[in-house]
2 protein chains.
Amino acid sequence: MTADKETAILDAMLDLVAERGFHGTPVSQVAKRSGVSAGIIYHYFDSKDALIHELYRRIKMDYGRALLAGDPLSLPWPDNLTCVWLNAFRFYVEHPRETLYLEQYENSPYYDPAHFTNLDENMGQLAAMIQTEFAAGTVQELPFPVLYELTLGVALGLAKRQIAGVVVMDASELEHVAEACCRAIAK
Amino acid sequence: MTADKETAILDAMLDLVAERGFHGTPVSQVAKRSGVSAGIIYHYFDSKDALIHELYRRIKMDYGRALLAGDPLSLPWPDNLTCVWLNAFRFYVEHPRETLYLEQYENSPYYDPAHFTNLDENMGQLAAMIQTEFAAGTVQELPFPVLYELTLGVALGLAKRQIAGVVVMDASELEHVAEACCRAIAK
DNA sequence: ATGCCTCGATTGAACGTTCATTCGAAATGG
DNA sequence: CCATTTCGAATGAACGTTCAATCGAGGCAT
């Protein structure tokens, strides 16, 4: 019952930050919601900032893993990208707290883009997939961030709208948009 | 030398928030950078939060105005949307502080989406433009937020990458992406 | 088994700092 | 001379962090 406490702290942090932001979640509240004392948090994490960074790291890894669900790498173009696109959208809407956390983090001074060049294992596989499509002549050879914004960036934006309750995308609309994104970067 | 002070405060706030975030910009620092005393800020604004909201409101209005530069409403499809798209991108990259501020604000608990239904004058004209294209059968009749994410949302995402220094879009690439966005929502 | 010892886990009150905000007084200007 | 603007020290609350004290499971000697 020792590793449990660490995740309880992270989960409480996620809850509170998604709801009230970094500024609005004092360590004392994290302690209260996770059912531990304030002091013990500093046994598991060096500081509040370290806790914030660690939570980001874990969510980002889960996200990378989720993108590869259904083995899109084995599918032909454009089914591979459609699969990844739908995976991204599904992750976002099924994990609204995580999505809000990621967005707050990446738009805050906590986020250091230089530190982001550490493409993890899963992201690396995605980059390789794109390289293959470059070679096959199916995808325009645009910079990676451009391709990202034209595809997964749209999934993120739409998911945020759905989380906010502004729209509700049904399955056929999703297919439609995913295909539009594929077309936008196809050669 | 009295109305100047209000904008000096807002400008200092913009500087600091873009650089260190809401959490990292105490009122005392805003006072120092704007060259006024801490107390006087409360003569012009009810609270720090009120200052934050007011700055958002002004930036959002400037943004809406910038979108209509070059009178895109008088252009035929798809030149009208291309013009708006490029206007958005240009506003973002030429106003990096404002862009970072908008993003932080809209991803924070300060942002109330319900309060966002107040489409201001300029946004209203854009909505009307889209309605016209619906009638003309040139644009798919998707929900407004979906159309937004497929077009201006991409401009925002790309501009953020350029502000972060990850990519530099040249004029022809921009034209290319803007056209791809138009195609994505064309019928 | 029993009592003892040890050590990491855990507590929550206390600490020092920082923050947003207030306020009485001084300056300004019409 | 009044109203408005400006100052900056004072205030009190809230925060992140620390720390001395307590707990409790498990090894060890008897």
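Note that the structure is predicted; figures quoted are calculated from it, not measured.
Note that the CZ atom of B:Phe89 and the SG atom of B:Cys181 stand 11.0 Å from one another [nearest 0.5 Å]. Here the straight-line distance linking atom CD of B:Gln140 with atom CG of B:Leu147 works out to 8.0 Å at 0.5 Å rounding. Here the CG-CG distance, from A:Asp11 to A:Leu16, works out to 9.5 Å after rounding to the nearest 0.5 Å.
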Protein heavy-atom contacts under 4.0 Å, written 5' to 3' over nucleotides 25-30 of chain C as B (base), S (sugar-phosphate only) or - (none), form the string ------
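The terminal axes of the helix from C:dA1-D:dT30 to C:dG30-D:dC1, fitted over 5 pairs per end, subtend an angle of 0° to the nearest 10°.
Applying the ring pair (Phe, Tyr, Trp, His ring centres under 6.0 Å) criterion to A:Phe45, with sequence neighbours excluded, gives no partner residue. Partners of B:Leu75 according to the side-chain contact (heavy atoms from CB on, under 4.5 Å) rule, which considers only residues two or more places apart in sequence or in another chain, are B:Asp79, B:Asn80, B:Cys83. Residues meeting the side-chain contact (heavy atoms from CB on, under 4.5 Å) test with B:Ala164, sequence neighbours left out: B:Val166.
Between B:Leu51 atom CG and C:dC19 atom P there is a gap of 16 Å when expressed in whole angstrom units. In this structure, A:Lys5 atom NZ and C:dT10 atom P are separated by 4 Å, rounded to whole Å. The separation between A:Ile41 atom CD1 and C:dT11 atom P is 10 Å, rounded to whole Å. Per the geometry, CG belonging to A:Leu16 stands 15 Å off C1' belonging to D:dC15, to the nearest Å. Computed from coordinates, the B:Tyr42 OH to D:dG8 C1' distance equals 14 Å when rounded to whole Å. Remark: P of D:dA13 and NE2 of A:His23 are 17 Å apart, rounded to the nearest angstrom. Per the geometry, CG belonging to A:Asp46 stands 14 Å off C1' belonging to D:dG16, to the nearest Å. For the pair B:Phe45 CZ and D:dT6 P, the computed distance is 12 Å after rounding to whole Å.
The hydrophobic cluster containing B:Leu73 also contains B:Phe91, counting ILVMFWY residues as joined when their side-chain heavy atoms lie under 4.5 angstrom apart, directly or transitively.
No salt bridge links A:Glu179 with A:Arg183; every basic N to acidic carboxylate O contact stays at or beyond 4.0 Å.
Which of D:dT17, C:dA20, D:dT6 sits closest to the side chain of A:Ser47 comes down to D:dT17. Picking from C:dT10, D:dT17, C:dT21 the nucleotide with the shortest atom distance to the side chain of A:Ile40 gives C:dT10.
Between the side chain of B:Tyr63 and the backbone N or O of B:Thr99 there is no donor-acceptor pair closer than 3.5 Å. Using modelled atom types, no side-chain atom of B:Gln162 and backbone atom of B:Val93 make a donor-acceptor pair closer than 3.5 Å. With A:Thr138 contributing its side chain and A:Glu133 its backbone, the two residues share a donor-acceptor pair below 3.5 Å.
For the OP1/OP2 pair of C:dA9 and a distance below 4.0 Å, the side-chain nitrogens and oxygens of A:His43 include at least one atom meeting the criterion. Taking 4.0 angstrom as the limit, B:Tyr44 places a side-chain polar atom (N or O) nearer than this to OP1 or OP2 of D:dT6.
Inspection of the B:Ser47 and B:Asp49 side chains reveals no N or O donor paired with an N or O acceptor under 3.5 Å.
DNA chain D is contacted by B:Val36, B:Ser37 of residues 27-38 of chain B, taking any non-hydrogen atom closer than 4.0 Å.
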